[in-house]
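Scroll down for the structure; my scribbles are underneath it.
If you read the sequence from its start, that first residue is 1, and numbering goes on from there. Remember, predicted model here, so these are calculated numbers, not experimental data. Computed from heavy atoms alone, side chains included, the values below leave out hydrogens, waters and symmetry copies.
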Amino acid sequence: MEVTGVVWFGIVTFLCQVFSCAFADDPSSKADKKAVIFSSNDRSTRAEHVYSHEDNHMDTAVNAASQLETPSDLLIVEFPSSSAGQRRRKREWVIPPYRIPENERGSFPKKLFQLKVKLYGVPDEEIVYSITGEGADQPPVRIFTIDKKTGNLFVTQPLDREKKDLYKLKAHAISEDGKKTASPTNLTIIVIDQNDNKPEFTENPFNGQVSEASKDLEFMTVTATDADDSETNNAMVRYTIVSQEPTFPKPHMFDINASTGTIRVREPGMDREQWPRYTLLIVAADMEGEGLATTGTAVITVTDSNDNPPQFEQTSHIISVPENKVGAIVTKLTVTDGDEVGSPAWSTRYRIISGDKSGFFSVSTGPSQLEGIITTVKPLDFEKTKQYVLWVIVENDEPFVGSLTTSTSTATVTVNVEDVNEPPEFNPKEKVISRHENLPVDTELVAYSASDPDTGKSQKITYIIANDPADWLSVNQDTGMIKVKSIMDRESARVKDGKYRAIILALDDDDENPATGTGTLVIELEDVNDNSPIINEESIEICNREAKVLLSITDKDGPLYAAPFSVEPQGDTKKSWTARMNETKTGILLTLNSVLEQGNYNVVLRVYDTNDMYQDNSIQATVCDCKGDKFICKKMMAGIPLSLTLGIMAAILALLLSLLLLLLLMRKKQSSMKKPLLPEEDDIRDNVCCYDEEGGGEDDQNYDLSVLHRGLDNRPEVFRNDVAPIFLPKPQYRPRPVNPEEIATFFYYNLKTADEDPTAPPYDSLLVFDYEGGGSDARSLSSLNSSSSGQDQDYDFLNEWGPRFKKLADMYGGEN
C-alpha cells in the first residue's frame, strides 16, 4: 500500500511538472522557474514537496517543515537562471529552520542534510556549492561545512546552546565556468536545549535579619539562576530548606516559597539572647525540582526586640541636698537591661512621675545610657520645703513588645533639703531714686536695707559701700541709710546718662559661713544751674572790614538751664566790637564796629544762660587784611609785629656774639704770656722734659673715667618724674555762685578739687646721686690706703729725677 502511494505521488508530481512546462514561458525571454523540493529518504515513506515561486502557491505539499528535523532529509532548491531578462519578480518562499540538539555525541563531522540546486542547462555534477555566515566563514568559523560537489551540509563539533543558540547561513550555487549562478538562499539552524546546566545561587551565603518578635513575616529572598532555556523545564528552579542550625526552639522555624525563594518566619518563639543567629541549608533544583540541583546557605541574624524591660538596681534612695544650689547632682539611678547593648531596646530614658509639681528637679540619661541623673533646676528653699519625695520610672527608647507594655520599673528618691546660711537680700535688687545734684553734705538720700532669709537664725546685718566711683556717698552700717558725703555733680564723668550707680553690701554675722548680699543704688541726678555758659573758641582770625565770626557756646547743664543764651561785650570791647546772638540763640555773631589795624586784640564777652547765670569769656582776636576770601595776617609777638621782633632779636644775638669773641681773644692773649718754669735764682741746668699730659710719665695707663659716673646716664631704666604730669586732665573748678547761701558749698568743693589735683606741685621726684668709694666700679683713687707696706712698690727711680726729688728719693728710694 505504501509503495502504491509513493508511485501515485510520483505520477501526480510528474504530470504537474509536464503541465507546468506546457504553459511555461520561453526560458530565453523570461526568468527560469524556481522551486524548492523536499524529499524524504526514509525507506518507509517517500514524499516530495514543491514550493513554486512562479505561481505563488504550493503545488504539492506533504509535511514539508517537519521533515527537516531529521538528518536524512534532502533539500532540493531550483534557482532562477542568471540570464533572465526584465520581468516581474515573484515572492520567494521562506525555508523553515533546521533544528539540531546541543551536546550531540558521535563521530564528527556529522551530516545534517543535502542542499540541491537545479540550474537550467547546467548538469548537477558541474554545480559548485558554498555557505557563508556565522559558523561558516564568520566567527565561530567552520562550525558548519558543505561539500561543494554534492551539497551535503555537515556540523563539525558538538553545539552549545548556552554559547550560541541560533546560526544564520547563506547557501550559494554557481556553475563551474561561473556563467550561471543561483540567488543565495537563507538557512537557519536552531540549537535545541538540553538540561546540561544546574542552578547557581546569585549569592552564597545570603544574609538576612529578622526581629525576634516577628510572626508569620516574609523577610528575605534567595535567588538561583539556570543557564538553560528559560522556556523549558530545564530552567524551572524550585527551592527547599533541608536543614536548620540551631534547631531551637523548634526545628522548622522558617519555610521557603518553592517558586520565589522567599523565606518566612513559620514559628514564634525566637530569642536573640539565646539564639542570635540561624543558618539554613537550601537546595535549588531545575526541572521543577526533579533535575539538577545545587545547595546554598542563608544566614539569618535575629535582631533585638524590646522584650527585656530595664530594672533599677536600687529602688529606694534617701539623699540630702543643700539649698539654693542650681545644677547640683541629687543622685544617680543605675539600671540593668538584658537587650542588645547599644540598641534602642537597651538604651534608657527616665521620667519623674510624682513629687515635683513645681519643677525643682530634672532627670536625664547619663553617658553610660544605663543611669538616670537627677539634678536641681531651681534653687531649693529650706525655709519653704524641707523634703521632697520623687517617683521615677525608667523606659527604653524603643517601645516594649507583647505583655511588657505595662512592665516598667519604679524608684523612690527622698530628697532632704539642708539649711545653709543665705546672704541678706535687698528688696529691690536695684533701687532707683531721684535727687538734686548739689545737695548739701550729710543730706539723707534713702534708707537701703536688706532682710535675712534665714528666718530660723538671729543675725545682725552690717552695711558697707563696695563701689562708689566718685566717693560721694556714705552709709550707716546699722540702718543702711545713705547720705551725701561730698557734693554730687551731674556733669561729672562718673555719671552716665544722668544716673550715678553705687554698690551697697549687706553682711550677716554668721560664725561659720558669713554671707554677703549685694544691692545697686541708682541715683538719677536732677540738674541744677551750676555751670555757666562758655565760648568754645579761644582765638579767632577776622577780616578788618565788614566781617563776621560765629562763636559757639557750651553749657554743661541740661536743657532747662542752658539755651537760649544772651551776650554782652565788656570793657573796651564795646568800642570796636558788636556781639549778638544768632537766630537759634545758641551762637554769637561777632563783628567789628570800625576798621582796626592788623594786630591781636583781647575781646571780652559776658554770656548768660536762660536763668541769667553768666561768665566772662576772653577771646584772642587777630585782625587781618583780606583779599577776597584770603586772610593776610601779620605775625605778632606780644602785640609787636613779627618782623620788628625778629630784627630786635637779631641785634641782641649780634651783640652777644661780639662779647663772646672779645672774651675768647682776651683769654688767648693771657695764655700766650709764658712764665719761666723756675725763678732765675733757682735756675738749675737740669734737663726738664715737658709732657702735654698730666700724670707720672710715659708709663701711665689710659684710664676710662666714664665708669666714675653712676648717675642717670648709666641708668636708662630710670626716668625723671619731677615734672608736672601731662597725661592727667586738669580738674574743673566751680565758678563763684550768685547765691550767697552757696558760698560754703563753693569753698568746700573747690578746696577738695585743689587737694586732689594731680597736676599741682609739689611733685614726687626720684634723685640719683653720683658717688665714689668702696664698691664702685672704678674703685678708690686715693693714695692713702694704696699700700699697706712699703715693699709693695719700688721708688728707686726718684734718684734719677734730679735735686728737686732728692727728698722723696731719700724717703722712699731705698735703704739710704
(message) Apply salt bridge (Lys or Arg N to Asp or Glu O under 4.0 Å) to residues R351 and E395 and explain how you reach the verdict.
(response) CA-CA 8 Å; R351 288 188 296 123; E395 300 170 320; 3.2 Å; yes
(request) Verify the neighbour count for atom CG of L166: are there more than 12 heavy atoms of other residues, nucleotides or ligands below 6.0 Å? (result) yes
(message) I'd like to know whether NZ of K198 has more than 12 heavy-atom contacts from other residues, nucleotides or ligands below 6.0 angstrom.
(response) no
Ion pair [X]/[Y], N-O distance below 4.0 Å:
X	Y	result
K116	D124	yes
E290	R238	no
D397	R349	yes
E126	K179	no
D216	R264	yes

(message) The test is side-chain hydrogen bond (donor to acceptor under 3.5 Å, both in side chains); show your working for T262 and E218 and say whether it passes.
(response) CA-CA 7 Å; T262 302; E218 293 182 348; 4.9 Å; no
(request) Look up atom CD1 in I373 and atom CG in L333, then write down how far apart they are to the nearest 0.5 Å. (result) 9.5 Å
Is a side-chain donor or acceptor of [X] paired with a backbone partner of [Y] at a separation under 3.5 angstrom?
X	Y	result
T376	A328	yes
N204	T297	yes
S347	Q369	no

Which side-chain N or O atoms in residues 242-251 pair as donor and acceptor under 3.5 Å with protein atoms at least two apart or in another chain?
{"from": "Q244", "atom 1": "OE1", "to": "M253", "atom 2": "N", "distance (Å)": "2.8"}
{"from": "Q244", "atom 1": "NE2", "to": "P246", "atom 2": "O", "distance (Å)": "2.9"}
{"from": "Q244", "atom 1": "NE2", "to": "K250", "atom 2": "O", "distance (Å)": "2.9"}
{"from": "K250", "atom 1": "NZ", "to": "E267", "atom 2": "OE1", "distance (Å)": "3.1"}

(message) If you take the centroid of each ring, where Trp contributes its six-membered ring, are F254 and Y278 closer together than 6.0 Å?
(response) yes
(request) Please step through side-chain hydrogen bond (donor to acceptor under 3.5 Å, both in side chains) for the pair D337 and N396, ending with a clear verdict. (result) CA-CA 9 Å; D337 195 301; N396 292 122; 2.9 Å; yes
(request) List the atom of S409, the atom of P310, and the distance in Å for their closest heavy-atom pair. (result) CB-O, 3.4 Å
